[in-house]
Novice: 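Sharing a structure here in structure tokens format.
Computed over heavy atoms, backbone and side chain alike; hydrogens, waters and symmetry mates excluded. Residues take their numbers from the sequence shown, with the count starting at 1.
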Amino acid sequence: MHPSDAPPTEGLLGHPAPPVEPTVVVPLAPPVPETKGLLAPEPEPAPEPAPEPASERAPGSVPGAALEAAARAAVERPAGRRSVAEDTLTPEEWRAAGYTPPTGIPIPDLTAGAPGEAPWPDRMRTLLRTPMSERPAFERTARELHPSVGHTRNVPRILDLTLRIGELLLASGEAAEDVEAAMLGIAHAYRLDRCEPQVTFTLIGISYQPSLVEPPVTADRVVRRRTSDYTRLDAVYELVADITAEKVSVNDAYRRLALIRRNRHPYPAWFLALTTGLLAGAATFLVGGKMDDKGWLVFASAFVAAVLGDRLASALAKRRLPEFYQFVAAAMPAAASGIILSLNDWGLRGSVVITGGLFALLPGRALVAAVQDGLTGFYITAAARLLEVVYLVAGIVIGVMVILYLGVGFEANLRPDESLVGVNYPPVQMVAAMLLTLAFATLLQTDRRSLALVTINSGIGWASYGALVYNAGVNPIAATGVAAGLVGLFGQLMARYRNGSALPYVTAAIGPLMPGSALYLGMLAFAQGHSSAGLVSVFRAAAIAMALAIGVNLGGEIARLFMKLPVDAELPSLPAMPRRAAKRTRGF
């Protein structure tokens, strides 16, 4: 029997199957001999031994009478009909007899579970990493009679809804695997079982094949704009969770999606500009570490320079200039302010101003998403995102280098050791790190209810980094990876607690760990003509950035690996659904 002809198995999102009835083997009556008279007595059937109860039968043992009945029925029954004995044998008995059971071979990794029973990213990742030929069909429930999910479903409309939600997730910086998992979950919830989503950096698509003999229906969508709005991201996550839990029809999902797209940002533009200045000012205390009169003057200089850079970049954006030139322009005011402070002998620490401006511009969100895509096997998307990071960092470097060359020509007194983190002021640096994270989270349009959790997660990461580097003497690159791993771990736990994405709790929390000082030292060395020292500092910054991204991803994977998922309260014996590892990343 071909697997495609088998009835639907227990679906990943379907309801638990009813209890299995005890196995009863119906004996076949022997053939009736021909009689010469109409009133000839009927022969009495030979007594058959009672079947052994299934509960007392040894695992894998097959009663001889049952196998003999199945064999005789296979020979004697007409073509296309199934015997009673074939339906009563358990899958273990068929497997022991050397035959494939009529219902197909079950997949042990995909267990039954009610819709919405576990977080949808975990459930959908397991289904996504299962080949289409092995995916179980969705278990039909009472909602099948609903017009939006019944036989009158509109396939193009469902695919369009899936693409629109996937576009919002990808534009918000979600990893390609999570976007594909969300798209597959939406299509699967609306009874489109044979779907294959595909996500690249700018193009998302989905294909649905009604059957093996019908042509597939394919739709795609181009992602042209990327905005950082984590409040909208949480709303999309909530919508996907309700769809995969069979709580929302197609029309209701469209209405909610329209409200999400029309929703205004939670923070106005003028407030975000001031927040950019607060981020750069907090970074000056993070890398300078002194709260004296000169320190507050440096804070004010970095604040004003960051606000000017933000307004200059916004003006270029309104002129439709590419983002590369916006980063070039945004980096210049901070560098110019640092040069002005260094043109005298007052010791105002101009290098700290330049380093603080770099913290406000480094693309940490794109870097984490790029490394996560590469680690999960989406190499095309990962390469495109890494190339985006390279272009943005190149724009920052060009903007700062132009001003540094001018400053070196005017003999500015730039001291690289000013931008190194001091160990004598850990309380100041802790407060500065948490304030930097709070400003960064506000710039990413994080929901107000999540700001406290993000700030606490940042404090955990920075305290771990400081303890490893200054108390334990660990290499800063390794310490950055460990601290980022803790940030990713606690970020994943916070996301489970709030039933949302982990990005709002991770991206801003790694802001204090970004390699702003190492990048500045490399650019200053190049400007002063020390190419070898500049290359060392640039490669050091790249190593810190990679350790940061890999640590965040590893922390999230550890959280998913050891976290027990909820199971059905009525069937507590069902095991929690594991997350399959991507075989394509194992090297074979």
Novice: Under the salt bridge (charged side-chain N to carboxylate O under 4.0 Å, His left out) definition, can you give me all pairs with a residue in residues 368-377, not counting sequence neighbours?
Specialist: D373-R385
Novice: Ignoring hydrogens and angles, state whether a donor on the side chain of Q492 or Y497 is under 3.5 Å from an acceptor on the partner side chain.
Specialist: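 Their side chains do not contain a donor-acceptor pair, so the 3.5 Å distance test is not met.
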Novice: How far apart are the C-alpha atoms of F526 and M401, what are their side-chain angles, what is the distance that settles it, and do they pass the side chain to side chain contact (heavy atoms under 4.5 Å, CB included) test?
Specialist: CA-CA 8 Å; F526 279 117; M401 286 290 292; 3.8 Å; yes
Novice: Run S450 and Y505 through side-chain hydrogen bond (donor to acceptor under 3.5 Å, both in side chains) and show every step you take.
Specialist: CA-CA 8 Å; S450 304; Y505 306 97; 3.2 Å; yes
Novice: How far does CG of D234 sit from CG of L239, to the nearest 0.5 angstrom?
Specialist: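 Spacing of CG (D234) from CG (L239) equals 12.5 Å.
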Novice: Only pairs at least two apart or in different chains count here, so list each salt bridge (charged side-chain N to carboxylate O under 4.0 Å, His left out) that has a residue in residues 475-488.
Specialist: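 Sorted pair list comes back empty.
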Novice: Can you check whether I460 reaches V487 side chain to side chain, under 4.5 Å on heavy atoms?
Specialist: no
Novice: Please round to the nearest 0.5 Å and tell me the distance separating atom CG of L341 and atom CG of L297.
Specialist: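 Result: 6.0 Å between the selected atoms.
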Novice: Evaluate E174 against Y237 for side chain to side chain contact (heavy atoms under 4.5 Å, CB included), listing each step before the verdict.
Specialist: CA-CA 11 Å; E174 274 290 354; Y237 255 69; 3.1 Å; yes
Novice: Might you work through the side chain to side chain contact (heavy atoms under 4.5 Å, CB included) test for I204 and D220, ending with a clear yes or no?
Specialist: CA-CA 6 Å; I204 59 176; D220 53 33; over 6 Å; no
Novice: Which pairs, with at least one residue in residues 474-494 and sequence neighbours excluded, count as a salt bridge (charged side-chain N to carboxylate O under 4.0 Å, His left out)?
Specialist: none
Novice: Got Q372 and F378 here, is their nearest side-chain heavy-atom distance under 4.5 Å?
Specialist: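 A side-chain contact under 4.5 Å is absent here.
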Novice: Is there side-chain contact between F490 and L453, with heavy atoms separated by less than 4.5 Å?
Specialist: no
Novice: Is the shortest side-chain heavy-atom distance between I206 and L163 below 4.5 Å?
Specialist: yes
Novice: So, taking the atom named CG in L169 and the one named OG in S501, what distance separates them when rounded to the nearest 0.5 Å?
Specialist: 8.0 Å
Novice: Does the side chain of P266 come within less than 4.5 Å of D229's, by heavy atoms?
Specialist: yes
Novice: Identify the heavy atoms of F299 and T284 that sit nearest to each other, and give their distance.
Specialist: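 So the two residues come closest at CA-OG1, 3.9 Å.
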Novice: Looking at every non-hydrogen atom in both residues, tell me the closest pair between G374 and A382 and how far apart they are.
Specialist: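 Smallest interatomic distance, heavy atoms only, reads N-CB, 3.3 Å.
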Novice: Going by the rule side-chain contact (heavy atoms from CB on, under 4.5 Å), which residues pair with T275 if we only count those two or more places apart in sequence or in a different chain?
Specialist: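 Per chain and number, T275 pairs via side-chain contact (heavy atoms from CB on, under 4.5 Å) with F271, A439, T442, L443.
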Novice: Considering non-hydrogen atoms only, spot the tightest contact between V474 and A479 and give its length.
Specialist: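 Minimum heavy-atom contact is CG1-N, 4.1 Å.
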Novice: Looking only at atom types and distance, does a side-chain atom of T376 sit under 3.5 Å from a main-chain N or O of E177, one as donor and one as acceptor?
Specialist: no
Novice: If you measure from CG on L519 to CD1 on I354, what distance do you get to the nearest 0.5 Å?
Specialist: 11.5 Å
Novice: For residues 306-335, please give each side-chain donor-acceptor pair under 3.5 Å, one per line with the distance, not counting sequence neighbours.
Specialist:
| from | atom 1 | to | atom 2 | distance (Å) |
| --- | --- | --- | --- | --- |
| R320 | NH1 | K318 | O | 3.3 |
| Q326 | NE2 | L321 | O | 3.0 |

Novice: Might you work through the side chain to side chain contact (heavy atoms under 4.5 Å, CB included) test for F359 and L436, ending with a clear yes or no?
Specialist: CA-CA 9 Å; F359 274 88; L436 186 151; 4.2 Å; yes
Novice: Specify the closest pair of heavy atoms between F201 and L170, including all atoms of both residues, with the distance to one decimal.
Specialist: O-CD2, 3.8 Å
Novice: For the side chain of S537 and the backbone of G534, is there at least one donor-acceptor N/O pair under 3.5 Å apart?
Specialist: no
Novice: Of all residues at least two apart in sequence or in a different chain, which pass the side-chain contact (heavy atoms from CB on, under 4.5 Å) check with A533?
Specialist: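 Counting only residues at least two positions away or on another chain, A533 forms a side-chain contact (heavy atoms from CB on, under 4.5 Å) with A525, H530.
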Novice: How about P512 and S458: do any of their side-chain heavy atoms sit closer than 4.5 Å?
Specialist: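 Result yes, sub-4.5 Å side-chain heavy-atom pair found.
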Novice: How close do T455 and T437 get, counting heavy atoms only, and between which atoms?
Specialist: CA-CG2, 4.3 Å
Novice: For A441, does its backbone N or O pair with a side-chain atom of T446 as donor and acceptor, under 3.5 Å?
Specialist: yes
Novice: About how many Å separate CG of L548 and OH of Y465, when rounded to the nearest 0.5 Å?
Specialist: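 Y465 atom OH to L548 atom CG measures 10.5 Å (nearest 0.5 Å).
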Novice: Any side-chain heavy atom of P426 within less than 4.5 Å of one from Y470?
Specialist: no
Novice: When you look at W296 and F303, which way does the ring pair (Phe, Tyr, Trp, His ring centres under 6.0 Å) test go after all the steps?
Specialist: CA-CA 10 Å; W296 285 109; F303 183 93; over 10 Å; no
Novice: Could you grab the distance from atom OG1 of T381 to atom CG of L386, nearest 0.5 Å is fine?
Specialist: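 Result: 11.0 Å between the selected atoms.
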Novice: Do the side chains of W462 and L286 get nearer than 4.5 Å, heavy atoms only?
Specialist: yes
